[in-house]
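Report on one structure; see the data block that follows.
Proteins get letters first, then strands, A, B, ... in listed order; numbering begins at 1 in each.
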Amino acid sequence: MSHPDADAKPFRRSWQSEKNNTRRLRIYNWANATYIANENKIRFDARKSIIQPQSAPPSTGPITSQLGTGTPSYLDGLNAEQALAVTSIDGPLLVLAGAGTGKTRVLITRIAHILATRRARGQEILAVTFTNKAAREMKNRVGELVGHAVEGMPWLGTFHAIGARMLRYHAELVGLKSDFTILDTDDQVRLIKQLLVADNIDEKRWPARQLAQMIDGWKNRGLGPDRIKAADAGDFANGRAQKIYTDYQARLKMLNAADFGDLLLENIRLFRENPAILETYQQRFKFILVDEYQDTNVAQYLWLRLLAQPRNDTPANVCVVGDDDQSIYGWRGAEVDNILRFEADFAGAKTIRLERNYRSTSNILRAASHLIAHNEARLGKTLQTDVGEEGEPVSVTSVWDSEEEARQIGEQIEQLQRKGDALNSMAILVRASFQMREFEERFITLGLNYRVIGGPRFYERREIRDALAYLRATHQGADDLAFERIVNVPKRGLGDATIKILHDHARASAIPLMLSARQLCETEELKPRQRSTLHALLAQFDDWAIRAEALPHHELAEAILDESGYTRMWQDDKSANAQGRLENLKELVRSMSEFETLGGFLEHISLVMERDSGEAEDAISIMTLHGAKGLEFDSVFLPGWEEGLFPHQRALDESGRAGLEEERRLCYVGITRARYRCKISLAQNRRIHGLWQTAVPSRFLDELPPDAVAVTDTGSSYGGYNYGGRQTASRFDKTDPFQSVYQSPGWRRARRQNADRGSDPGPLIEGELVARSVNSGSAYGVGQRILHLKFGYGTVAGVEGNKLTIDFESAGRKKVIDSFVKSG
DNA sequence: TCGCCCTATATAAGG
DNA sequence: TATAGGGCGA
């Protein structure tokens, strides 16, 4: 721990006000004084030391050489590659950083280095991350390193926060006002639904959610409505997707709103149409740093390209950090290709590989490396352990079903606990969130403290969204979506019929909904009852808008929630979670007082607000593999290694080989979260949506190196997972090396179909073998008697693609895949 | 307009 | 199995 915040604070103002080099130098000395003054009170970690100007590296240019020689203290403790990555600040640089190699530390130290050597001031550095968490961590750690620089770096943030900031500044150039609303997914879907209805498109057949995803995808690829090709739009609404997209964009402008995609896409448009503006940013940003570059999508890439264009033949100082092996967000638009192409994209780019792993034992690292080597599309790194321990082998345990899996993991946790390990040092990483429940239930009976990370976020909760809608409608009268959300919440007797009248008028006159409501209150259009209710509501909004001028906004919020009857609505609600909702509302009002303006608060909540994780208590973490990226634990449990679940069926069905490779990277991410212990398990039977299904061991198990793995069997399991001896080839990739299970008619049919289609005889993707859920009918019919290798004899009760529902004579009703069944 | 009942649906989730 | 959202009757 370095000096506490209280000590750093007095110097913040000085940092903010500094304007030139002389002053800055003095400030560094002040910072140094902080350190000295506290020396006898606080034990100081040299690696997190304050920058000392007299000891900048000599190699970085004339300015720094004046400061003397010697290695600056912030470089202490970095290995050679890390130090090189920190100090190579001229020209494009790709830092390929494997799991646990100190990537974040390099990024942070690099910023400190740029500041210390005075190559740029804080406000001349653009540093982008994906998550608020990463941005916050970077802010804090740079602050620790430099003493106080946090406020000095206005352009350190997420892609979206920075995009929003730029867009607000130039909003009028893209048809928005600077106080535009940022819509989230829920708003988007509701808006699109309205457009579909307006166009008489059957919302059942063509769900708004699906189109919202398509539009999102287009925006991720940097495509505006004018650039969609017919093939992109598919047959959605019989080819009208592009038209709706166009309408959607027009609607957003009318609502003075932008969705998340627009925060970047509109910036790109802005830069392209206004080269002068782009140039001011290019001049401003002397250094650009990007975290998790493997997660960037096309739009983010284009945005960066624009900002990082070479100027006057000088290449931009853009540094991207990432790991192609940890790219797990292809499904939300990330392009691994961006990182694979970096050297070609930025002329003269250097690449530095960080391969020294400071996290895991060699067994864990070997398992991860061996597995990931099965991927074809990668830049290739070899991680070396620096932990110096072989450690326990990675364990693989086969159990009968998911219930036993939870029981078994619970026991292991208790065992570790008895040994003295903290629950905080353990995590269960699942592929899909439905797996979490079984663990929660088990831990409740055991009385084990656990913490679920993920789930609905604070501002996605209904009561928070409702409250925000009231505030948004007060703040920004053109926010139709907000107004519509709450006109009848709490129930006021203003139902669909009334809303439709408001809408029709609004659309006909091209005015916002609230204005439409005002005008209709002046006429006889509405029934007297609705009219007077609506009139009263509008009067309240007027009142709130007036009071907003004078009242502190958290008090205003409280008044709005009380006077609108919203608080009362939940007070009168007798359901179990009503109390919690009221507390959330209180928390919302409380958090508002931390902001100076209502606008500032609304910006914060749509871009930043997160759920409090409550990390103080000792508890085991349960989270998804995606959620675990970037974290580390002493002991990691990886349950559910079964075909169909992990790798997930949908990934295979929808993205084939690429999907499989992404699943494998996810697998790699999971294993490399572990420092000392990595415990994999699989169940032979799993209940999905209430029905039991037999499970096939995950192919990823075959891809682990036998000498780093120990297989155990709980004994109660049927057959078990007999690992070892067959790891030479994946049973899913090569010609079938097994003679047992895979000789069933289903299997043969799958093979035959594959051949008939004339598709390449190369790797078979799981979807074609085991669970093709569409297109291929089953050879079995209802009523047919069959034999299943595990469950014995039974009768087919239902057929759905190649999935059979079977009433077994001894095992009861189960869902199975036809390739594991013979006619009996 | 409200509220109940029925049915369709269920990977991951950042901003 | 759980839930959310739509349809329909009062």
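If you check every strand for non-hydrogen atoms under 4.0 Å, F260(A) touches a base. At a threshold of 4.0 angstrom between heavy atoms, the contacts of E654(A) include nucleobase atoms, whether or not backbone atoms are also involved. Among the heavy atoms of the strands, none lies under 4.0 Å from A164(A).
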Working for side chain to side chain donor-acceptor pair (under 3.5 Å), residues Y169(A) and R165(A): CA-CA 6 Å; Y169(A) 205 75; R165(A) 189 190 175 98; over 6 Å; no
Worked check of ring-ring contact (aromatic ring centres under 6.0 Å, His included) between W303(A) and Y301(A): CA-CA 5 Å; W303(A) 185 79; Y301(A) 165 78; over 10 Å; no
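Of the listed nucleotides (dG15(B), dA10(B), dG14(B)), dA10(B) has the atom at the smallest distance from the side chain of H689(A). Residue E203(A) has its side chain nearest to dG6(C) when only dG14(B), dG15(B), dG6(C) are considered. Residue K491(A) has its side chain nearest to dG3(B) when only dT11(B), dA12(B), dG3(B) are considered. Checking dG14(B), dT1(B), dG7(C) against the side-chain heavy atoms of K204(A) singles out dG7(C) as nearest.
Summarising the base pairing, dT11(B) is matched to no nucleotide, lacking a Watson-Crick or G-U wobble pair whose two defining distances lie under 3.5 Å. In this structure dT1(B) sits in a base pair with dA10(C), meeting the Watson-Crick or G-U test at under 3.5 Å.
As rounded to whole Å, 15 Å separates atom P of dT11(B) from atom CE of M436(A). Across the protein-nucleic acid pair, I688(A) atom CD1 and dT11(B) atom P stand 10 Å apart, rounded to whole Å. The nearest whole Å value for the distance from the CH2 atom in W331(A) to the P atom in dT11(B) is 12 Å. The distance between atom CG of D216(A) and atom P of dA12(B), rounded to the nearest whole Å, is 17 Å. The interatomic distance linking I453(A) (CD1) with dA13(B) (P) rounds to 12 Å, in whole Å. Per the geometry, CD belonging to Q530(A) stands 8 Å off C1' belonging to dT1(B), to the nearest Å. Between E603(A) atom CD and dG15(B) atom P there is a gap of 14 Å when expressed in whole angstrom units. Rounding to whole angstrom units, CZ of residue R529(A) and P of dC2(B) are separated by 10 Å.
Between the side chain of R431(A) and the base of dA12(B) there is at least one donor-acceptor pair of N/O atoms closer than 3.5 Å.
When the side-chain nitrogen and oxygen atoms of T624(A) are compared with OP1 and OP2 of dA13(B), one or more of them lie within a distance under 4.0 Å. Listed pair K193(A) / dG5(C) fails the phosphate criterion, with no side-chain N or O lying under 4.0 Å from OP1 or OP2. Taking 4.0 angstrom as the limit, N132(A) places a side-chain polar atom (N or O) nearer than this to OP1 or OP2 of dG15(B). Listed pair R437(A) / dT1(C) fails the phosphate criterion, with no side-chain N or O lying under 4.0 Å from OP1 or OP2.
Salt-bridge check for R531(A) with E524(A): passed, with a basic side-chain N closer than 4.0 Å to an acidic carboxylate O. A salt bridge is defined here as a Lys NZ or Arg NE, NH1 or NH2 lying under 4.0 Å from an Asp or Glu carboxylate O, and R472(A) with D187(A) meets this definition. Ionic pairing of D401(A) and R687(A) is not present here: no N-O contact between side-chain nitrogen and carboxylate oxygen is shorter than 4.0 angstrom.
Comparing L625(A) and N488(A), the nucleotide of DNA chain B nearest to each residue sits closer to the 5' end for N488(A). Projected onto DNA chain B by closest heavy-atom contact, S433(A) and T498(A) fall at different nucleotides, the more 5' of which corresponds to T498(A).
Between the side chains of Y450(A) and E440(A), a donor-acceptor pair is found at a separation under 3.5 Å.
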